[in-house]
A.B. asks: 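For reference, the structure I am asking about is given below.
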Amino acid sequence: MDYILGIETSCDETAAAVVDTRGVVHSNVIATQIDTHKAYGGVIPEIASRMHVEAINAVIEQALQEAAKNMGDISALAVTQGPGLLGALLIGLQAAKTLAYIHQKPLIAVNHLEGHIFANFISMAPQEKMDIPYPFLCLLVSGGHTQLIISAKPGQYQTVGQTIDDAAGEAYDKVARILKLGYPGGPLVDRLAQDGASGTISFSKARLRAPESKFDFSFSGLKTNVLNYCRRNPAARPADVCAAFQKTVAETLTEHTLSAAQKYSSEHIYLAGGVAANQGLRRTLGAAGQAQGRQIHFPPPALCTDNAAMIAGAALAKWQSKNFAPLNISALPNWELPSQQAKLP
Ligand code: KG4
Ligand code: ZN
(Lines give C-alpha, C1' and ligand atoms only; values in the text may rest on other atoms or scores of the structure.)
(Ligands and ions follow the chains in the order given, each with its own letter.)
Protein backbone atom coordinates (compact mmCIF):
# COMPACT_ATOMS: atom_id res chain seq x y z
CA MET A 1 0.00 0.00 0.00
CA ASP A 2 1.27 3.49 -0.86
CA TYR A 3 0.66 6.51 1.34
CA ILE A 4 0.54 10.17 0.30
CA LEU A 5 1.33 12.98 2.75
CA GLY A 6 -0.88 15.98 1.89
CA ILE A 7 -0.09 19.56 2.95
CA GLU A 8 -2.49 22.52 2.74
CA THR A 9 -1.78 26.15 3.71
CA SER A 10 -3.71 28.23 1.16
CA CYS A 11 -5.59 30.41 3.66
CA ASP A 12 -5.98 30.25 7.44
CA GLU A 13 -5.73 26.53 8.21
CA THR A 14 -2.37 24.76 8.53
CA ALA A 15 -3.19 21.18 7.57
CA ALA A 16 -1.48 17.85 6.93
CA ALA A 17 -2.95 14.40 6.26
CA VAL A 18 -1.98 10.87 5.35
CA VAL A 19 -4.20 9.21 2.72
CA ASP A 20 -3.57 5.84 1.10
CA THR A 21 -3.81 5.26 -2.64
CA ARG A 22 -7.32 3.78 -2.33
CA GLY A 23 -8.39 7.15 -0.94
CA VAL A 24 -8.70 6.01 2.68
CA VAL A 25 -7.86 8.78 5.18
CA HIS A 26 -5.42 7.67 7.93
CA SER A 27 -5.01 11.08 9.57
CA ASN A 28 -6.28 14.60 8.92
CA VAL A 29 -4.78 17.27 11.20
CA ILE A 30 -5.86 20.92 11.06
CA ALA A 31 -4.42 23.81 13.10
CA THR A 32 -6.89 26.60 12.62
CA GLN A 33 -5.99 30.28 12.94
CA ILE A 34 -9.62 31.40 13.17
CA ASP A 35 -9.36 32.65 16.78
CA THR A 36 -6.53 35.02 15.81
CA HIS A 37 -8.18 36.39 12.64
CA LYS A 38 -11.55 36.74 14.42
CA ALA A 39 -10.30 39.91 16.13
CA TYR A 40 -9.89 41.54 12.69
CA GLY A 41 -13.17 40.23 11.17
CA GLY A 42 -11.28 38.47 8.36
CA VAL A 43 -8.00 36.80 7.40
CA ILE A 44 -4.90 39.03 7.60
CA PRO A 45 -2.47 37.53 5.04
CA GLU A 46 0.79 38.44 6.84
CA ILE A 47 -0.45 36.96 10.11
CA ALA A 48 -1.63 33.85 8.26
CA SER A 49 1.85 33.28 6.74
CA ARG A 50 3.59 33.74 10.08
CA MET A 51 1.23 31.34 11.85
CA HIS A 52 1.72 28.71 9.10
CA VAL A 53 5.50 28.91 9.68
CA GLU A 54 4.99 28.38 13.41
CA ALA A 55 2.57 25.45 13.03
CA ILE A 56 3.62 23.52 9.93
CA ASN A 57 6.29 21.19 11.39
CA ALA A 58 4.17 20.15 14.38
CA VAL A 59 1.09 19.60 12.17
CA ILE A 60 3.04 17.34 9.76
CA GLU A 61 4.57 15.46 12.70
CA GLN A 62 1.11 14.91 14.23
CA ALA A 63 -0.38 13.73 10.90
CA LEU A 64 2.38 11.10 10.59
CA GLN A 65 2.00 10.07 14.22
CA GLU A 66 -1.80 9.70 14.07
CA ALA A 67 -1.44 7.56 10.94
CA ALA A 68 1.31 5.54 12.69
CA LYS A 69 3.68 6.25 9.79
CA ASN A 70 7.10 7.82 9.35
CA MET A 71 8.58 9.50 6.28
CA GLY A 72 9.96 6.12 5.15
CA ASP A 73 6.38 4.88 4.70
CA ILE A 74 5.36 7.88 2.58
CA SER A 75 5.45 7.47 -1.22
CA ALA A 76 4.85 11.09 -2.28
CA LEU A 77 4.22 14.61 -1.02
CA ALA A 78 1.07 16.39 -2.26
CA VAL A 79 0.80 20.12 -1.72
CA THR A 80 -1.60 22.94 -2.60
CA GLN A 81 0.08 25.12 -5.26
CA GLY A 82 -2.90 27.52 -5.62
CA PRO A 83 -5.24 29.34 -5.66
CA GLY A 84 -4.87 31.09 -2.33
CA LEU A 85 -2.84 33.69 -0.43
CA LEU A 86 0.67 33.90 -1.89
CA GLY A 87 2.57 34.04 1.39
CA ALA A 88 0.46 31.29 2.93
CA LEU A 89 0.86 28.97 -0.08
CA LEU A 90 4.65 29.45 -0.04
CA ILE A 91 4.95 28.01 3.48
CA GLY A 92 3.22 24.72 2.60
CA LEU A 93 5.13 24.49 -0.67
CA GLN A 94 8.48 25.03 1.05
CA ALA A 95 7.69 22.37 3.65
CA ALA A 96 6.63 19.85 0.98
CA LYS A 97 9.62 20.58 -1.27
CA THR A 98 12.05 20.29 1.64
CA LEU A 99 10.64 16.92 2.71
CA ALA A 100 10.60 15.71 -0.91
CA TYR A 101 14.27 16.71 -1.29
CA ILE A 102 15.51 15.28 2.00
CA HIS A 103 13.62 11.98 1.68
CA GLN A 104 13.90 11.72 -2.13
CA LYS A 105 10.12 11.42 -2.68
CA PRO A 106 8.15 12.75 -5.65
CA LEU A 107 6.23 16.02 -5.28
CA ILE A 108 2.65 16.41 -6.56
CA ALA A 109 1.21 19.91 -7.09
CA VAL A 110 -2.52 20.13 -6.38
CA ASN A 111 -5.13 22.75 -7.26
CA HIS A 112 -7.02 23.69 -4.07
CA LEU A 113 -10.38 23.72 -5.93
CA GLU A 114 -9.78 20.20 -7.26
CA GLY A 115 -8.99 19.29 -3.64
CA HIS A 116 -12.40 20.55 -2.51
CA ILE A 117 -14.08 18.41 -5.20
CA PHE A 118 -12.12 15.35 -4.01
CA ALA A 119 -13.40 15.78 -0.46
CA ASN A 120 -16.39 13.90 -1.89
CA PHE A 121 -14.40 10.85 -2.99
CA ILE A 122 -11.98 10.18 -0.15
CA SER A 123 -13.21 7.88 2.59
CA MET A 124 -15.77 6.25 0.31
CA ALA A 125 -16.04 2.60 1.43
CA PRO A 126 -12.47 1.22 1.19
CA GLN A 127 -12.04 -0.41 -2.18
CA GLU A 128 -9.32 -0.99 -4.76
CA LYS A 129 -9.52 2.60 -5.91
CA MET A 130 -11.89 5.56 -5.72
CA ASP A 131 -14.92 4.84 -7.87
CA ILE A 132 -15.88 8.22 -9.36
CA PRO A 133 -18.95 8.30 -11.63
CA TYR A 134 -17.78 10.50 -14.55
CA PRO A 135 -19.18 12.71 -15.93
CA PHE A 136 -20.41 14.64 -12.91
CA LEU A 137 -21.45 18.16 -12.01
CA CYS A 138 -19.96 19.91 -8.99
CA LEU A 139 -21.25 22.98 -7.19
CA LEU A 140 -18.17 24.46 -5.56
CA VAL A 141 -19.13 27.04 -2.94
CA SER A 142 -16.44 28.45 -0.67
CA GLY A 143 -15.19 31.74 0.75
CA GLY A 144 -13.50 32.70 -2.51
CA HIS A 145 -15.37 30.70 -5.14
CA THR A 146 -18.89 29.92 -6.33
CA GLN A 147 -18.88 27.92 -9.51
CA LEU A 148 -20.51 25.06 -11.38
CA ILE A 149 -17.98 22.64 -12.81
CA ILE A 150 -18.41 19.69 -15.18
CA SER A 151 -15.81 16.95 -14.98
CA ALA A 152 -15.93 14.48 -17.84
CA LYS A 153 -12.81 12.54 -16.96
CA PRO A 154 -10.03 12.56 -14.36
CA GLY A 155 -8.21 15.88 -14.24
CA GLN A 156 -10.51 17.52 -16.79
CA TYR A 157 -12.71 20.35 -15.54
CA GLN A 158 -14.86 22.97 -17.19
CA THR A 159 -16.48 25.84 -15.33
CA VAL A 160 -19.96 26.37 -16.80
CA GLY A 161 -21.16 29.05 -14.35
CA GLN A 162 -19.64 31.27 -11.69
CA THR A 163 -20.30 34.28 -9.52
CA ILE A 164 -19.88 37.64 -11.19
CA ASP A 165 -19.22 39.36 -7.84
CA ASP A 166 -19.21 37.92 -4.29
CA ALA A 167 -18.70 34.23 -3.54
CA ALA A 168 -21.48 32.60 -1.50
CA GLY A 169 -19.20 32.18 1.54
CA GLU A 170 -18.15 35.83 1.26
CA ALA A 171 -21.84 36.85 1.29
CA TYR A 172 -22.36 34.75 4.43
CA ASP A 173 -19.36 36.39 6.10
CA LYS A 174 -20.59 39.88 5.15
CA VAL A 175 -24.14 39.24 6.41
CA ALA A 176 -22.67 37.96 9.69
CA ARG A 177 -20.70 41.21 9.94
CA ILE A 178 -23.87 43.28 9.30
CA LEU A 179 -25.58 41.37 12.12
CA LYS A 180 -22.42 41.54 14.30
CA LEU A 181 -22.40 37.76 14.74
CA GLY A 182 -18.64 37.13 14.45
CA TYR A 183 -16.22 35.44 12.05
CA PRO A 184 -16.33 33.21 10.05
CA GLY A 185 -19.96 34.03 9.45
CA GLY A 186 -21.19 30.99 7.52
CA PRO A 187 -21.58 28.54 10.42
CA LEU A 188 -23.01 31.30 12.70
CA VAL A 189 -25.65 32.43 10.17
CA ASP A 190 -26.45 28.78 9.42
CA ARG A 191 -27.02 28.02 13.12
CA LEU A 192 -29.10 31.14 13.77
CA ALA A 193 -31.19 30.53 10.63
CA GLN A 194 -32.50 27.31 12.23
CA ASP A 195 -34.31 29.46 14.87
CA GLY A 196 -35.69 31.97 12.38
CA ALA A 197 -38.94 32.14 10.45
CA SER A 198 -37.98 32.54 6.79
CA GLY A 199 -41.53 33.56 5.79
CA THR A 200 -41.48 36.86 7.72
CA ILE A 201 -38.87 38.56 5.49
CA SER A 202 -38.32 38.05 1.80
CA PHE A 203 -35.17 38.92 -0.19
CA SER A 204 -35.29 38.75 -3.96
CA LYS A 205 -32.97 36.55 -6.01
CA ALA A 206 -30.57 38.09 -8.53
CA ARG A 207 -31.58 37.35 -12.11
CA LEU A 208 -28.82 37.70 -14.69
CA ARG A 209 -30.37 38.50 -18.05
CA ALA A 210 -27.66 37.69 -20.61
CA PRO A 211 -28.36 34.21 -22.07
CA GLU A 212 -24.69 33.26 -21.74
CA SER A 213 -24.93 34.03 -17.98
CA LYS A 214 -27.58 31.33 -17.44
CA PHE A 215 -25.62 29.49 -14.77
CA ASP A 216 -23.79 32.49 -13.32
CA PHE A 217 -24.47 33.85 -9.83
CA SER A 218 -24.55 37.26 -8.17
CA PHE A 219 -24.67 37.72 -4.40
CA SER A 220 -23.56 41.30 -3.86
CA GLY A 221 -27.08 42.74 -4.40
CA LEU A 222 -28.50 40.31 -1.84
CA LYS A 223 -25.90 41.37 0.73
CA THR A 224 -26.87 45.05 0.09
CA ASN A 225 -30.57 44.16 0.45
CA VAL A 226 -29.82 42.60 3.84
CA LEU A 227 -27.86 45.70 4.89
CA ASN A 228 -30.65 48.07 3.81
CA TYR A 229 -33.31 45.92 5.46
CA CYS A 230 -31.42 45.89 8.76
CA ARG A 231 -30.95 49.68 8.66
CA ARG A 232 -34.65 50.24 8.00
CA ASN A 233 -35.78 47.63 10.54
CA PRO A 234 -33.42 47.85 13.52
CA ALA A 235 -35.81 45.74 15.63
CA ALA A 236 -35.81 42.82 13.17
CA ARG A 237 -34.88 39.48 14.76
CA PRO A 238 -31.39 38.46 13.51
CA ALA A 239 -32.61 34.84 13.33
CA ASP A 240 -35.38 35.85 10.89
CA VAL A 241 -32.91 37.84 8.75
CA CYS A 242 -30.54 34.83 8.68
CA ALA A 243 -33.38 32.44 7.76
CA ALA A 244 -34.56 34.67 4.91
CA PHE A 245 -31.00 35.23 3.61
CA GLN A 246 -30.18 31.51 3.83
CA LYS A 247 -33.40 30.57 2.02
CA THR A 248 -32.56 32.95 -0.86
CA VAL A 249 -28.98 31.65 -1.17
CA ALA A 250 -30.00 27.98 -0.95
CA GLU A 251 -32.79 28.37 -3.51
CA THR A 252 -30.56 30.31 -5.94
CA LEU A 253 -27.76 27.74 -5.73
CA THR A 254 -30.27 24.90 -6.08
CA GLU A 255 -32.09 26.35 -9.11
CA HIS A 256 -28.89 27.06 -11.05
CA THR A 257 -27.34 23.72 -10.15
CA LEU A 258 -30.38 21.72 -11.23
CA SER A 259 -30.74 23.60 -14.53
CA ALA A 260 -27.05 22.95 -15.25
CA ALA A 261 -27.52 19.26 -14.35
CA GLN A 262 -30.41 19.11 -16.81
CA LYS A 263 -28.53 20.89 -19.59
CA TYR A 264 -25.42 18.71 -19.21
CA SER A 265 -27.39 15.50 -18.43
CA SER A 266 -25.60 14.92 -15.15
CA GLU A 267 -27.16 12.30 -12.92
CA HIS A 268 -24.59 12.89 -10.17
CA ILE A 269 -24.20 16.24 -8.44
CA TYR A 270 -21.42 16.82 -5.90
CA LEU A 271 -21.18 19.71 -3.46
CA ALA A 272 -17.81 21.08 -2.38
CA GLY A 273 -16.27 23.93 -0.35
CA GLY A 274 -17.04 25.44 3.04
CA VAL A 275 -20.62 26.46 2.16
CA ALA A 276 -21.35 22.81 1.25
CA ALA A 277 -21.57 22.31 5.05
CA ASN A 278 -24.61 24.61 5.10
CA GLN A 279 -27.69 22.85 6.44
CA GLY A 280 -30.16 24.94 4.44
CA LEU A 281 -28.34 24.23 1.16
CA ARG A 282 -28.01 20.52 1.92
CA ARG A 283 -31.74 20.28 2.67
CA THR A 284 -32.97 22.38 -0.26
CA LEU A 285 -30.68 20.92 -2.94
CA GLY A 286 -31.03 17.41 -1.50
CA ALA A 287 -34.84 17.47 -1.69
CA ALA A 288 -35.15 19.23 -5.07
CA GLY A 289 -32.45 17.04 -6.63
CA GLN A 290 -34.03 13.86 -5.36
CA ALA A 291 -37.41 14.95 -6.74
CA GLN A 292 -35.74 15.18 -10.17
CA GLY A 293 -34.15 11.75 -9.80
CA ARG A 294 -30.61 13.11 -9.44
CA GLN A 295 -28.08 11.78 -6.96
CA ILE A 296 -26.87 14.57 -4.70
CA HIS A 297 -23.65 13.94 -2.78
CA PHE A 298 -22.18 16.01 0.06
CA PRO A 299 -18.81 15.51 1.76
CA PRO A 300 -18.98 15.08 5.55
CA PRO A 301 -19.08 18.63 7.06
CA ALA A 302 -15.52 18.31 8.47
CA LEU A 303 -14.15 17.73 4.94
CA CYS A 304 -16.09 20.65 3.38
CA THR A 305 -13.81 23.35 4.82
CA ASP A 306 -10.06 23.49 4.12
CA ASN A 307 -8.12 20.33 5.00
CA ALA A 308 -5.17 18.35 3.66
CA ALA A 309 -6.91 14.97 3.20
CA MET A 310 -8.74 16.44 0.20
CA ILE A 311 -5.38 17.63 -1.23
CA ALA A 312 -3.83 14.16 -0.89
CA GLY A 313 -7.02 12.68 -2.42
CA ALA A 314 -6.86 14.98 -5.44
CA ALA A 315 -3.22 13.96 -5.94
CA LEU A 316 -4.02 10.28 -6.47
CA ALA A 317 -4.67 10.49 -10.23
CA LYS A 318 -1.34 12.32 -10.67
CA TRP A 319 0.34 9.70 -8.49
CA GLN A 320 -1.00 6.91 -10.69
CA SER A 321 0.11 8.65 -13.90
CA LYS A 322 3.44 9.71 -12.33
CA ASN A 323 2.63 13.33 -13.05
CA PHE A 324 5.19 14.79 -10.64
CA ALA A 325 6.26 18.40 -10.16
CA PRO A 326 9.87 19.65 -10.16
CA LEU A 327 11.21 21.06 -6.91
CA ASN A 328 11.47 24.59 -8.36
CA ILE A 329 7.71 25.18 -8.68
CA SER A 330 6.31 28.30 -7.07
CA ALA A 331 2.87 29.25 -5.75
CA LEU A 332 0.06 30.05 -8.20
CA PRO A 333 -2.24 32.37 -6.18
CA ASN A 334 -4.68 32.77 -9.12
CA TRP A 335 -4.71 29.18 -10.44
CA GLU A 336 -8.33 28.74 -11.58
CA LEU A 337 -9.94 25.67 -13.13
CA PRO A 338 -10.51 26.02 -16.91
CA SER A 339 -13.51 28.12 -17.95
CA GLN A 340 -16.30 28.13 -20.60
CA GLN A 341 -14.19 28.09 -23.77
CA ALA A 342 -13.18 24.42 -23.65
CA LYS A 343 -15.50 22.09 -25.60
CA LEU A 344 -17.87 19.93 -23.59
CA PRO A 345 -18.11 16.21 -24.30
O1 KG4 B 1 -13.68 26.16 1.63
P2 KG4 B 1 -13.36 27.07 2.74
O3 KG4 B 1 -12.96 26.46 4.07
O4 KG4 B 1 -12.23 28.07 2.38
C5 KG4 B 1 -12.08 28.60 1.09
O6 KG4 B 1 -11.41 27.92 0.27
O7 KG4 B 1 -12.63 29.70 0.89
O8 KG4 B 1 -14.68 27.99 2.92
C9 KG4 B 1 -14.76 28.96 3.92
C10 KG4 B 1 -16.11 29.64 3.75
C11 KG4 B 1 -16.29 30.83 4.69
O12 KG4 B 1 -16.80 31.92 3.94
C13 KG4 B 1 -17.33 30.30 5.69
O14 KG4 B 1 -18.14 31.33 6.23
C15 KG4 B 1 -18.14 29.36 4.83
O16 KG4 B 1 -17.19 28.73 3.99
N17 KG4 B 1 -18.87 28.35 5.61
C18 KG4 B 1 -20.22 28.25 5.64
C19 KG4 B 1 -20.53 27.20 6.55
N20 KG4 B 1 -19.35 26.69 7.03
C21 KG4 B 1 -18.34 27.42 6.44
N22 KG4 B 1 -21.16 28.95 4.99
C23 KG4 B 1 -22.45 28.63 5.22
N24 KG4 B 1 -22.83 27.66 6.10
C25 KG4 B 1 -21.91 26.92 6.77
N26 KG4 B 1 -22.30 25.96 7.62
ZN1 ZN C 1 -10.95 26.15 0.39
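Keep in mind it's a predicted model, so treat the numbers as computed, not measured. For the numbers below, each heavy atom of this structure counts, side chains included, while hydrogens, waters and symmetry mates do not. Indexing begins at 1, ligand by ligand and atom by atom, following the structure's order.
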A.B. asks: Would G144 count as a contact of ligand 1 if the rule is a heavy atom under 4.0 Å away?
C.D. replies: yes
A.B. asks: What's the shortest distance from atom 15 (C) of ligand 1 to any protein heavy atom, and which residue and atom give it?
C.D. replies: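 Ranking protein heavy atoms by distance from atom 15 (C) of ligand 1, first comes V275 CG2, 4.0 Å.
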A.B. asks: Check the orientation of H268 and H297. Use parallel for under 30°, tilted for 30 to 60°, and perpendicular for over 60°.
C.D. replies: parallel
A.B. asks: Donor-acceptor check, side chain of N233 to backbone of A235, threshold 3.5 angstrom: yes or no?
C.D. replies: no
A.B. asks: Check this for me, if you would: do K247 and E251 make a salt bridge, where the nitrogen-to-carboxylate-oxygen distance has to be below 4.0 angstrom?
C.D. replies: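 Salt bridge between K247 and E251, a charged N being under 4.0 Å from a carboxylate O: yes.
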A.B. asks: Does any N or O atom in T305 lie less than 3.5 angstrom from one in ligand 1, N or O only?
C.D. replies: no
A.B. asks: Heavy atom under 4.0 Å from ligand 1: found in H145's side chain, backbone, both, or neither?
C.D. replies: neither
A.B. asks: Which part of H112 is near ligand 1, with near meaning a heavy atom under 4.0 Å away: side chain, backbone, both or neither?
C.D. replies: side chain
A.B. asks: Would you check if there is a donor-acceptor pair between the side chains of D190 and Y172 at a distance under 3.5 Å?
C.D. replies: no
A.B. asks: Please determine if the Zn ion (ligand 2) has an N/O/S atom from H112 lying under 2.8 Å away.
C.D. replies: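 Yes, since at least one N, O or S atom of H112 sits under 2.8 Å from the Zn ion (ligand 2).
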A.B. asks: With respect to D190, determine whether any N or O atom, backbone or side chain, lies less than 3.5 Å from an N or O atom of ligand 1.
C.D. replies: yes
A.B. asks: Under 2.8 Å from the Zn ion (ligand 2), is there an N/O/S atom belonging to H116?
C.D. replies: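 Yes, H116 qualifies, because one of its backbone or side-chain N, O or S atoms lies under 2.8 Å.
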A.B. asks: Among protein heavy atoms, which lies nearest atom 20 (N) of ligand 1, and at what distance?
C.D. replies: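 Going by distance alone, atom 20 (N) of ligand 1 is nearest to G274 O, 3.4 Å.
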A.B. asks: Tell me the protein heavy atom at minimum distance from atom 7 (O) of ligand 1, and give that distance in Å.
C.D. replies: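 In this structure, atom 7 (O) of ligand 1 has G143 N, 2.8 Å as its nearest protein heavy atom.
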A.B. asks: Can you check whether G186 has an N/O within less than 3.5 Å of an N/O in ligand 1?
C.D. replies: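 Yes.
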A.B. asks: We want to know whether S10 and E8 form a side-chain donor-acceptor pair, criterion being a heavy-atom distance below 3.5 angstrom.
C.D. replies: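 A pair is found: one side chain offers a donor N or O, the other an acceptor, under 3.5 Å apart.
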A.B. asks: Do any N/O atoms on D173 end up under 3.5 angstrom from N/O atoms on ligand 1?
C.D. replies: yes
A.B. asks: Tell me the protein heavy atom at minimum distance from atom 3 (O) of ligand 1, and give that distance in Å.
C.D. replies: D306 N, 3.1 Å
A.B. asks: Quick one: CD1 on I47 to OG1 on T36, what's the gap to the nearest 0.5 Å?
C.D. replies: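 Atom-to-atom, I47:CD1 and T36:OG1 are 7.5 Å apart.
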A.B. asks: At less than 4.0 angstrom from any non-hydrogen atom of G169, what atoms of ligand 1 do you find?
C.D. replies: 12 (O)
A.B. asks: Going by distance alone, is a donor N or O of one side chain under 3.5 Å from an acceptor N or O of the other, for H52 and T9?
C.D. replies: no
A.B. asks: Does any donor atom in the side chain of D2 or T21 lie under 3.5 Å from an acceptor atom in the other side chain?
C.D. replies: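 No, no side-chain donor-acceptor contact under 3.5 Å.
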A.B. asks: Does any N or O of ligand 1 fall below 3.5 Å from an N or O anywhere on N278, backbone included?
C.D. replies: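 For ligand 1, there is an N or O atom that lies under 3.5 Å from one belonging to N278.
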A.B. asks: If you apply the rule side chain to side chain contact (heavy atoms under 4.5 Å, CB included), what do you find for V79 with V110, and how did you get there?
C.D. replies: CA-CA 6 Å; V79 63; V110 176; over 6 Å; no
A.B. asks: Do the two ring centres, one from H26 and one from Y3, sit under 6.0 Å apart?
C.D. replies: yes
A.B. asks: What orientation do F121 and F118 show, parallel under 30°, tilted 30 to 60°, or perpendicular over 60°?
C.D. replies: perpendicular
A.B. asks: Contact between H116 and ligand 1, counting heavy atoms under 4.0 Å?
C.D. replies: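 The answer is yes: ligand 1 sits under 4.0 Å from a heavy atom of H116.
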A.B. asks: Tell me, which N, O or S atom in D306 is closest to the Zn ion (ligand 2)?
C.D. replies: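 Closest to the Zn ion (ligand 2) among those atoms: OD1.
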